[in-house]
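Working notes, beginning with the structure itself.
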Amino acid sequence: MRSSASRRGVWAPSRGAPKHTSAGRSPMPGSGPHRDPLVILEDLDQVEARRREWRKRKQKLPPELKGTAEDPAFYRQLISYAKPYRLKMSVALCMSALAATAKVGYFFALEGLLAPIFRAGSERVAPGPEQLAQHVLKFPGIEGLGDPLLPLAMLRDNVTWWWSSVPPLSQLKWAAGFLVLLVILEQLNKYVQRMIMRGVSMDIVRTLRVALFSKLLQLSLRFFHKNHSGKLLSRVTADLTKLGNLLVDVLVNMFSDVFTVIGSLFYVFYSGGGFVLIALAVAGVTFVPIQQIGRRVRQKENAVHRKLSEVFQSLSEALSNQKVVKAFGAEAHELERFRVVNDRVLDGRLKTASLRFRTEPVVELMGAVSVAAFLLWGGNQVIEGKWEGQSLFSVVLALTTVVASLRRLADTSTKFQSGLSSADRVATLLYAKAEIVDKPDAVSLDGFHKSVSFEHVDFRYDANNPVLTDVSFELARGQTLAIVGHTGSGKSTVGDLVARFYDVDSGAVKIDGHDVRDVTVESLRGLLAMVTQETVLFEGSIRSNIAYAMPGLSDAEIESAARAAHAHEFIMAMPDGYATQVGERGTSLSGGERQRIAIARALVGQAPILLLDEATSALDTRSEKLVQEAIDDLRRGHTAIIIAHRLSTIRDADLILVIEQGRVVERGSHEELMHQGGIYQHMVSIQGAERVRSS
Ligand SMILES: Nc1ncnc2c1ncn2[C@@H]1O[C@H](COP(=O)(O)OP(=O)(O)O)[C@@H](O)[C@H]1O
Ligand SMILES: [Mg+2]
């Protein structure tokens, strides 16, 4: 059975959350006649699987399956998060362009540094001042304007001529100093760039994490039934971190490597001429296997990730159910379970790593071949006296740089691919369609005046299991409705529909004549004080639990709520009173104590409609009597829906509904139902007999 702790007692206020209008419930073409669109859309894994199917068929994604790392909207959103860092990012970009320029300068400097050495033996003709002047005055004429490279060629000529007028020894010193300086600048640049981009990416991750959490708070309970918390956890943590790394990798490594490749190739072309064509061809060919492997890495990473979320799942389950684990002596079982999923992750990781490592030799080999080919060609040129040794040397170095950058690019690209699959999962969650959303023209309820009613309500959690069928009732303000019935008959579900945790399949739930789907969720839930069947407390003090989500409450207000819930005495008997820490999920309290704190928590809000789901079920007979008195008091000031376990507690309710398998089978007051002699009367007599026996 599904743990009901996760389905009850969850209260996610949607205050200030962004509004989404589409509930995404349109049936999907081609999805088969029995597929329930709601079921598909609420389950993240299913959404992703469906999307993969659609993509394979190369069809246009239907709007309800949108929200992927390939969706431009996702990148627009990322860019919008990055907007505040525009300046920083452009600085970083300029810096990486600058670094690449410095690289080119490095090659020139090297050529200049080596020139005197290579020429040392041969006779050298230094240009005279007139020759120099003649060259400096060289400018492209009108006829040269069509050729974009002409000004560069001129510049080169001019610089070369100026440089050759400097005496060799000074040349050597200048070039050596320049070289060192360039490396220093390059490294400084890299450091600043990395720091900037790391900061920006961490900020974006932080913003996204909050956005994800805010999204999670908007999503309906149905979503949480379909998606294990472990899976959600891994998206908000591991996937997001990976996405952040992706940003850094892209923005720092990718850009600077691309710039370096361009700059170095430019130098190769400039110094080595048409050879750039071969180099470009090699670069192009190299990227084909890289892309292929990258795609496969991404697929594998996806599989690994599914396994990683199993690790989270197993971990969170074992940690939150320690009592059961220990009671059943299941430590070994849990350990084995964990070991298995953990091993699977390791296995997957190794596979992707081996794929990744396979790209490296490919690129290396391509690089080595291109460099060797160039050495052959260039060496010949030098031997034939058509080219200078120092140029060959620098160009080879530049080519090696290109190869190194390409290798890093290949690595970045595979990392990028696997980062994309994380981005995909983050995007799916970010764009998950919330089922319960305000309509654009939703009205805000200004209070509760007349009645709560159900009109022929049908409801199901899953496609094939009707839970409520044709439920109707009207509860006037100030009255008490009691719902009784066997476990699993649908009582709690009625309460959930009043709070609009789910939308009905047909019929309507109305408050003061407004369909709950036409009013704002916030104003609707503001009218309700709820005590859920499973009482869940939060880590913190008793005080903060009673004042949950209402931090401005005074001590007097908290105490009066606690008194009304008959909790004050036991709280005061605790060593720290209201400051007592309740432990994770309230585990340090007994069930009855937890329930009374939950009742106090519901009361402090002073909401007009009280929804008590078996609020006295966890209490012993004595405290039940106390709480019952409290509830009786409260009922006088409230409109109440009481889901009752013990029938003695609802004798004087204005209306009693008996529910069997989701249908109202009997309705009326206690007396009326006792007269009918049906299920209710039977239940009362059984409980009465038990009571007599137990007292
Ligand atoms: N989140 C859920 N997903 C699927 N089925 C559910 C869910 N919650 C309750 N149900 C099913 O709906 C039926 C009614 O549940 P509920 O309203 O909690 O019954 P009651 O409160 O009367 O014991 C049960 O059969 C239960 O198994
Ligand atoms: Mg119930």
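In listed order, ligands and their atoms are each counted from 1. Positions are given from 1, in the same order as the sequence printed here.
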- Item | Whether Tyr578 and His568 hold their rings parallel, tilted or perpendicular, with breakpoints at 30° and 60° | tilted
- Message: Is the ring pair Phe459/Tyr502 parallel, tilted or perpendicular, if the boundaries are 30 and 60 degrees?
- Response: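 Answer is tilted, since the angle falls between 30° and 60°.
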Can you list the atoms of ligand 1 that are under 4.0 Å from a heavy atom of [X]?
X: Lys491; value: 17 (O), 19 (O), 20 (P), 21 (O), 22 (O), 23 (O)
X: His225; value: 1 (N)
X: Thr493; value: 14 (C), 15 (O), 16 (P), 17 (O)
X: Thr487; value: 23 (O)
X: Val467; value: 12 (O), 13 (C), 14 (C)

- Message: Between ligand 1 and Ser489, is the shortest N or O to N or O distance under 3.5 Å?
- Response: yes
- Message: Evaluate Gly488 for polar contact with ligand 1, using N/O atom pairs at a separation under 3.5 Å.
- Response: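 Yes - when backbone and side-chain N and O of Gly488 are compared with those of ligand 1, one distance drops under 3.5 Å.
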Determine the minimum heavy-atom distance between [X] and [Y], stating which atoms define it.
X: Asp438; Y: Val521; answer: OD1-N, 2.8 Å
X: Ala644; Y: Ile650; answer: CB-CG2, 3.5 Å
X: Val325; Y: Glu331; answer: CG1-N, 4.0 Å

- Whether His486 lies under 4.0 Å from ligand 1, heavy atom: yes
- Task: Assess Gly485 for proximity to ligand 1: is some non-hydrogen atom of it under 4.0 Å away?
- Result: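 For ligand 1, residue contact (heavy atoms, under 4.0 Å) with Gly485 is absent.
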- Item | Side chain His228, main chain Glu310, donor-acceptor under 3.5 Å | no
- Message: Suppose you place the vertex at the Mg ion (ligand 2); what is the angle out to Ser492 OG and Gln533 OE1, to 10°?
- Response: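 That angle is 90°.
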- Evaluate the criterion side-chain contact (heavy atoms from CB on, under 4.5 Å) for residue pair Arg235 and Thr428; output intermediate values, then yes/no. CA-CA 10 Å; Arg235 281 176 202 236; Thr428 314; 3.9 Å; yes
- Item | Heavy atoms of other groups near Gln676 CD, more than 12 under 6.0 Å | yes
- Message: On a heavy-atom basis, I'd like to know which of Phe459, Tyr461, Tyr502, Phe501 is closest to atom 12 (O) of ligand 1.
- Response: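 The residue whose heavy atom sits nearest atom 12 (O) of ligand 1 is Tyr461.
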